[in-house]
Amino acid sequence: MAIVSYIIFFIPLLMDDMRKNPFVMYHTEQSIVLLLLNIAAGIVGTLTCGIGLILYIPWLILLIMGIMNAANGQMKPLPVIGQFGEKFGLVK
């Protein structure tokens, strides 16, 4: 379910047993931060006539890293942006 949270972040939030699982909620927080980065990249890309599309490359790399961490059972924050999920407590 932690891997699913990177693809569709709200699915684990709808399931009570997953909301009690700290591992799944950790990765759900990380995926919400990635979603916010994706939205920001879209806005910048729209405002700068496509130059902001370069921001999608780091987003894709971070997405793959998050899925790999979830698949390996690790609770490592994503580089650069992972700290924001923990700091803001997005799913608590």
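When reading the values below, keep in mind they use all heavy atoms of this one structure, side chains included, and skip hydrogens, waters and symmetry mates.
Val80 and Met75 fall into different hydrophobic clusters, defined by Ile, Leu, Val, Met, Phe, Trp and Tyr side-chain heavy atoms under 4.5 Å apart, directly or through other members. Using a 4.5 Å cut-off between side-chain heavy atoms of Ile, Leu, Val, Met, Phe, Trp and Tyr, with links allowed through other members, Tyr26 and Met15 fall into different hydrophobic clusters.
The main-chain N or O of Gly66 is never found under 3.5 Å from a side-chain atom of Gln30 such that the two would form a donor-acceptor pair. Judged purely by atom type and a 3.5 angstrom limit, Asn21 uses its side chain to pair as donor or acceptor with the backbone of Phe23. Under a 3.5 Å cut-off, the side chain of Trp59 and the backbone N or O of Leu34 do form a donor-acceptor pair.
Using a 4.5 Å cut-off on side-chain heavy atoms (C-beta onward), Met68 and Ile64 make contact. No side-chain heavy atom of Pro77 sits under 4.5 Å from any side-chain heavy atom of Gln83.
With sequence neighbours excluded, no residue forms a side chain to side chain contact (heavy atoms under 4.5 Å, CB included) with Pro58. By the side chain to side chain contact (heavy atoms under 4.5 Å, CB included) test, Ile67 is found to be paired with Ile3, Tyr6, Leu63, residues two or more places apart in sequence or in another chain being considered. Scored by the side chain to side chain contact (heavy atoms under 4.5 Å, CB included) test, Ile57 finds Ile61 as partners (sequence neighbours excluded).
Minimum heavy-atom separation, Ser31 to Thr28: OG-O, 2.8 Å.
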Let me check something: any side-chain donor-acceptor pairs from residues 7-14 under 3.5 Å, sequence neighbours excluded? List them with distances.
none

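Within the structure, side chain to side chain donor-acceptor pair (under 3.5 Å) contacts touching residues 61-70 (residues at least two apart or in different chains) do not occur.
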